[in-house]
Protein chains: 2
Amino acid sequence: MAEKDEVKLLGIWASPFSRRIEMALKLKGVPYDYVEEILDQKSPLLLELNPIHKKVPVLVHNGKIIIESQIILEYIDEVWKHNPILPQDPYERSKARFLAKLVDEQVLITGFVMLAKADEKGREAVVEQTRELIMHLEKELVGKDFFGGKSVGFLDIVAGSMIPFCVARGWEGMGVEVVTEEKFPEFSRWVKNLEKVEFVKDCIPPREKHVEHMNFMGGRARSG
Amino acid sequence: MAEKDEVKLLGIWASPFSRRIEMALKLKGVPYDYVEEILDQKSPLLLELNPIHKKVPVLVHNGKIIIESQIILEYIDEVWKHNPILPQDPYERSKARFLAKLVDEQVLITGFVMLAKADEKGREAVVEQTRELIMHLEKELVGKDFFGGKSVGFLDIVAGSMIPFCVARGWEGMGVEVVTEEKFPEFSRWVKNLEKVEFVKDCIPPREKHVEHMNFMGGRARSG
């Protein structure tokens, strides 16, 4: 199948939502063309392919357009069935999907957007709230190398694209220590495991470039 | 499998998110116990089963707890494979998931919450925005009885639980005509098709009771 497949990904280097699609394609060993979009500029190609949301990532597979990062991950897992991303058991799948939704809809918003907007006084409350959210991930990791068990799966890709590479660096830029090894031993161990995985590392932008970008975004969120 | 299965659903009669789970269970012919929760009151059972979000619906299947309505639908479809809810083709699945997300995250918010909050002047803009969103559904219905084709599928259940039974009645209560047959012939035809499906009808609360409830909720959103 791979020889006839045309796979194109529109993404932005600093977007965790784009990073996770590259991780999934690399995990599956699917060759793809990557088109870098520019933040705050919408290319005619992006507007043509995603007229509803005008956002990356967009996957184009043999002319078919797939949008929304978690939906793209499910699509990739259904088209290329080797090296499964989602667990096979329906209940485990539902847990992975539930926590992935929690990461995207709550950890990101509370932990990064709300923190950036909070004043000195409000900050500790937001940090505490973020920690409570991350505690759900911590519990899930007991006795496992990855959320997916022995290997990287759906929730590793979703959470891994965001934390620690994106959110943690954002926190770092803001001078806030949200996740410590003492409070989150499992989570901290998972971060280290993740950093050893070749295709995950390949998808993560250079640290300094990322910290700089997250500081810029944090400043924008504060003034927004 | 069915004989040994213990299936319990915690829901609220007026919640489209609860209604859709009942639709799915009826479509599959899965017997279940239904536990009615009370709006604004969190029962000890609900708090025990869903401590993170404290929200209905919650599905309990042989002691396993599944949360978030679209995730529950996917779970039901994976456990009971007959009468499929999602399309079989990966691209069609991704489209159904994308539009279902659009319904939950945008149509509901724009069309009901934002409309309820808008003043006379802002109202027309919100109605226009809602119509633009519904136009994406309209296009999808050309030449089809249901989003799922000849029979009710994932997007029918998600959108059908909300529109027209919930949102349309909310609009009606607010005296706003968002969807007309002239502007949305396919969508209007779909509503009529849906109203003929026995298990869909079974899951929809009586019209007058619903209009009254939506007016109450609309009033609350305006003052919220």
Side-chain angles (χ1 to χ4, degrees), chain A residues 1 5 21 28 49-53 55 57-81 85-107 110 129 132-137 139-140 154-155, chain B residues 1 5 21 28 49-53 55 57-81 85-107 110 129 132-137 139-140 154-155:
Chain A
M1 190 174 186
D5 276 332
I21 308 306
K28 297 281 186 181
L49 296 178
N50 188 1
I52 300 185
H53 296 322
K55 283 191 309 192
V58 177
L59 186 78
V60 189
H61 177 218
N62 296 337
K64 290 180 198 123
I65 299 154
I66 304 103
I67 296 159
E68 290 284 352
S69 74
Q70 289 197 24
I71 294 173
I72 297 173
L73 292 180
E74 299 249 6
Y75 176 84
I76 290 172
D77 208 26
E78 288 168 3
V79 170
W80 295 278
K81 294 193 191 298
I85 294 175
L86 274 158
Q88 299 304 294
D89 173 69
Y91 175 61
E92 292 300 325
R93 290 164 79 87
S94 80
K95 270 210 300 193
R97 286 178 177 134
F98 173 76
L99 289 169
K101 197 171 149 71
L102 193 83
V103 166
D104 274 9
E105 295 179 5
Q106 299 198 265
V107 178
T110 308
Q129 225 179 319
E132 268 174 43
L133 288 167
I134 294 175
M135 195 48 82
H136 298 297
L137 300 174
K139 282 180 202 156
E140 205 49 48
F154 190 71
L155 185 53
Chain B
M1 189 174 186
D5 276 332
I21 308 306
K28 297 281 186 183
L49 296 177
N50 188 1
I52 300 185
H53 295 323
K55 282 192 312 191
V58 177
L59 187 78
V60 189
H61 177 217
N62 296 336
K64 290 179 197 126
I65 298 154
I66 304 104
I67 295 159
E68 289 283 351
S69 74
Q70 289 196 25
I71 294 174
I72 298 174
L73 292 180
E74 300 248 7
Y75 177 84
I76 290 172
D77 208 28
E78 287 169 3
V79 170
W80 295 278
K81 294 193 190 299
I85 294 175
L86 275 158
Q88 300 304 294
D89 173 70
Y91 175 61
E92 293 300 325
R93 289 164 80 87
S94 79
K95 270 209 300 191
R97 287 176 177 136
F98 173 76
L99 290 168
K101 197 170 150 72
L102 192 82
V103 165
D104 274 9
E105 295 180 4
Q106 299 199 266
V107 178
T110 308
Q129 226 179 318
E132 267 173 42
L133 289 167
I134 294 175
M135 195 48 83
H136 298 298
L137 300 174
K139 282 180 203 155
E140 205 50 46
F154 190 71
L155 185 53

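Every chain is numbered from 1 and lettered A, B, ... according to where its sequence line falls, protein lines coming before strand lines. Only a predicted model underlies this, so the values are computations on that prediction, with no experimental measurement involved.
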Salt-bridge contact B:Lys101-A:Glu74 (side-chain N to carboxylate O under 4.0 Å)
no
How about A:Gln106 and B:His53: do any of their side-chain heavy atoms sit closer than 4.5 Å?
yes
Largest heavy-atom contact set with chain B, pairs under 4.5 Å, which of A:Leu102, A:Ile66, A:Ile71, A:Ile67:
A:Ile71
What part of A:Ile65 gets within 4.5 angstrom of chain B, counting heavy atoms only: side chain, backbone, both, or neither?
backbone
Which of residues 86-93 of chain B have a heavy atom under 4.5 Å from any heavy atom of chain A?
B:Pro90, B:Tyr91, B:Arg93
To the nearest 0.5 angstrom, please state how far the CE atom of A:Met135 sits from the CD1 atom of B:Ile52.
12.5 Å
